[in-house]
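What follows is a set of notes on a single structure, which appears directly below.
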Amino acid sequence: MDFSRRSFLKSAGLGFVAMGLPPGFLVRAAGAESSNRKKVLVVVFQRGGIDGLNVVIPFKDRAYYQLRPSIAVAEPASGAERAIDLDGFFAIHPALAPLKSIYDKGQLAIIHAAGSPDNTRSHFDAQDYMEIGTPGIKTTPDGWLNRYLSDKKIGGSPFRGVTLGAQTPRTLAGPTPTLTLSSIEEFRLRNQGMAAALQNLYANSNDPLFRQGGQILFEGMATLRSVEAKLPPSLANYPNGRFGISMRQIARLIKADVGLEIAFAEIDGWDTHVAEGGATGQLANRLKDLGDSLAAFHQDLGDRIEDVMVVTMSEFGRTARENGNRGTDHGHANVMFVLGANVRGGKVYGRWPGLAPEVLYESRDLDLTTDYRSVCGEVLARHLGQRDLSKIFPGFRSDTRVGVVA
Amino acid sequence: MSASLSHEQRVIHFLNRTSFGPTLGEVERVKRLGMRAYLDEQLDPEKIADGSAEEKVAALKSMRLSTRELLELYPQPKQAAKQATMMPMEMQGPRQVILELQLARLLRAVYSQRQLFEVMVDFWSNHFNIFAAKGADRWLTTPYDRDTIRPNALGRFRDLLRATAESPAMLFYLDNWLSASPNSVAPRFAPNDRRRGINENYARELLELHTLGVDGGYTQKDVQEVARCFTGWTIRQPRSEGGFYFEPRLHDRGEKIVLGTRIAAGGGVEDGLQVIDLLARHPSTAAFIATKLARRFVADDPPKSLVGKATAAFRQSDGDLRNVIRTIVESPEFFAVEAYRNKVKKPLEYVASALRLTGSETQITHQLLRYLGRMGEPLFLARPPTGYPDTAASWTSADMLLTRMNFAADLVSNRLPGSRVTKEIAGNAERLAQLIAPDSLSASTRAALGETSGSDVVALLLAAPEFQRR
């Protein structure tokens, strides 16, 4: 039954897009069957600046191999330690092999030469800009994911926006309270005898920061305890790292129908200034964690992948040329993934600017041809039914129809 | 609240900002000496006897060892050996070194009489952050804390900056030890030596995070030129000896222009030293450091008037940190009503202040450190070069609040191995409340305390919103 609904969505969606009509009613129709069964956006932030050129390798761009004599990934051919062909021009890193079948199924889209247009090479500023959604403008007080939750204002579930981890990221900071938790199992008071007193104390506090924090904490704990018994165990084989654990818990929250709309997880370790490695090595190890976790998540969700889209992003790419230490320094444009059942996957999107010296951004980095807000905006509009994108990305008007979402 | 703080509030506020939290004893002492004299004492930490804290730290053997000794005595365990031994993971090889370093930091924060000094050590450890789990930094961070940060934490900014630039821990963390002129291939280096060209990681963070600030007026070109100046600043065998040295054969001897200043061709180690002088005396650096210090001591978004005064103090005293701190702490902005209890404690500040307030007898074990990790501040393990943030929004997520509540309950009910709170503490709740909020607690906290009995009263005090702030 889910198959037929998906087919309907896909074909109908494509048709309406072709006619230039917004597919908003489709979104509502799909979400109507259960009040807390929501469309979900999962944002994965790769902190540290992932080297997109070694994630999705432009093996037919001959400059790639000249720029990276010691860290290039060999072009596709039979045998191990070679990139895996996607479309005859691009190939995916061999450590991401589990994503290839999802790509082939049409549920993974890749956008190359994408990212944030600001030219900062500061990790901190670049992450901040990406998270607040206004590159170049630091004074924006809230994150773009929080603006989405604030604009939509439906339902009062404490689980509308959830971060897996300890710290709330900038992108979920803002007027709508969101929940941050590192472990579903351990999200409970150890001394239950104090629970009532603590809850009252926070609820009546004259300190708004903690009153609000306490409210979402106690509501979140109560909701989790009420659904906990119903949570099915996860059968998929997630890696044991922090990111795998985060993705496993997001899948559980989705299946528990707690009203999740926005989930945020991060994965770090991408700042490969030294000994980055090629088909194997430092970057490959991190990519294995990333790819295995995403693949496990995809498998774990089963039919529920219908409701979900995962978007990956990183603050900047890295220098096209390898540096003196077989690594790469901070660069510019990067690669993004969009994964989900209703993604028009199996394709690498974005105009390829090339890697010849004269077309490199500031003579050193991959140039940017797709603003990450064009990608995220499309997901917000077509997956979550957001009508007015100017509220989410003020001052930004996408001039690119990326086309990754039906 | 009245337009100005009461004397009692001023004393508590002063201790909340210049120490890891008030204790009954310290409040009495400040009242006896006066804040001015107390600050004078704290700004001269060498003269403060600190036997009991140092005695606790002395039990941590690795804290006294040189890099070479650390590498010899705590080698990386082999994969097979890891599984064969019965020793828990955190007791093996360099993990033990990092564990002891974390313990020492927490012990000093709780027990040292040199509280302001320890506050500044924590401040600089984040400003000049090292990720202690990165490669050789597992052994290099202990000497970094002992020989680089601590001797300079209340000295001159330039000396501290130079010490970090020359520290093997920083050279390793930000990769400068590998940065080399692409033109000078030193013959003794093997063909597979990784040092073959510029690495701009350190140069960028030096400008952005250590000195000028991201808006301090430098360009990508400046980053590259600074990186060229520091080529050759490297480490002698990071895995067996680990000392800093300048290798002229790796150095780029060409001319450089840094922030408009010409650094003549033919230089050596003095190129980098010239950059350090240039940066330490740059007006953007004074403003950047002054702002961060004002943020630590006064408010997340510190008043412009105060930042102006602190910047001027920095410049007039050539970066004398005692001078800048005194200017901030003695300013009217410091004692303004708006500043009172407006800072949210970082996890280290929270845990240390709880242990201090309750007079816990602690021989800290890793359960306590694990709590710090869950609260978001595993010591010496911030991966990004920004270190841990010092603003409220970073420390108030639901997960962090919950962990603080659980910590408070475990501590007071003596379920935290290694820490002991006396049974009599429940009878002391009223006096402890006075140290948290001398103007009296909020009605809601009072009401909640009224419904609670025994040691839970103290746990509630530590978990209450009032105690999350300083």
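Chain letters run A, B, ... following the sequence lines, proteins first and then strands; every chain starts at 1. Hydrogens, waters and symmetry mates are skipped; everything else that's a heavy atom, side chains included, is used.
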Quick check for you: among [options], which has the greatest number of heavy-atom pairs under 4.5 Å with chain B?
options	result
Ala203(A), Gly220(A), Ser205(A)	Ser205(A)
Gly193(A), Pro158(A), Gly327(A), Gly269(A)	Gly269(A)
Glu186(A), Arg47(A), Gln215(A), Arg211(A)	Glu186(A)
Thr178(A), Thr168(A), Asp207(A)	Asp207(A)
Asn119(A), Asp268(A), Thr120(A), Asn206(A)	Asp268(A)
Leu181(A), Leu179(A), Asn200(A), Thr180(A)	Thr180(A)

Notebook entry, point to check: Checking heavy atoms, do the side chain of Gln212(A), its backbone, both or neither come under 4.5 Å from chain B?
Noted result: neither

Next item on the list: Side chain from CB out, backbone as N, CA, C, O: work out which of these in Leu209(A) comes under 4.5 Å of a heavy atom of chain B, or both, or neither.
Entry: side chain

Between [X] and chain A, which part of the residue has a heavy atom less than 4.5 Å away: side chain, backbone, both or neither?
X	result
Ala447(B)	neither
Arg469(B)	side chain
Arg446(B)	neither
Val223(B)	neither
Pro347(B)	neither
Thr386(B)	side chain
Ile198(B)	backbone
Ala392(B)	side chain
Pro465(B)	both

Margin query: When you measure from the side chain of Gln282(A) to the backbone of Val274(A), do you find a donor-acceptor pair of N or O atoms at a distance under 3.5 Å?
Written below: yes

Note to self: Between Tyr202(B) and Phe230(B), is the ring centroid distance below 6.0 Å?
What the structure shows: yes

Next item on the list: Verify the ring-centre separation between Phe316(A) and His123(A): is it less than 6.0 angstrom?
Entry: yes

Item checked: Sole candidate of Asp118(A), Asp125(A), Asp128(A) that passes salt bridge (charged side-chain N to carboxylate O under 4.0 Å, His left out) when paired with Lys138(A) -> Asp125(A)

Check: Pick from Arg121(A), Arg364(A), Arg318(A): which one makes a salt bridge (charged side-chain N to carboxylate O under 4.0 Å, His left out) with Glu200(B)?
Finding: Arg364(A)

Among [options], who wins on heavy-atom pairs under 4.5 Å with chain A?
options	value
Leu209(B), Thr445(B), Asp410(B)	Asp410(B)
Thr403(B), Leu449(B), Asp215(B), Thr452(B)	Asp215(B)
Arg383(B), Glu205(B), Glu466(B)	Arg383(B)
Ala409(B), Ser442(B), Ser394(B)	Ser394(B)

Is any side-chain heavy atom of [Y] closer than 4.5 Å to one of [X]?
X	Y	result
Phe124(A)	Val214(B)	no
Leu250(B)	Trp233(B)	no
Met313(A)	Met130(A)	yes

Next item on the list: Could you go through the side-chain contact (heavy atoms from CB on, under 4.5 Å) check for Leu368(B) and Val351(B) one step at a time?
Entry: CA-CA 9 Å; Leu368(B) 197 46; Val351(B) 168; 4.2 Å; yes

Item checked: salt_bridge(Arg68(A), Asp51(A)) N-O dist < 4.0 Å -> yes

Check: Can Asp175(B) and Lys134(B) be counted as an ion pair, charged N to O under 4.0 angstrom?
Finding: yes

Check: Parallel under 30°, tilted from 30 to 60°, perpendicular over 60°: which one fits the rings of Phe288(B) and His127(B)?
Finding: tilted

Notebook entry, point to check: Cation-pi between Arg404(B) and Phe407(B): NZ/CZ under 6.0 Å from ring centre and within 45° of the ring axis?
Noted result: no

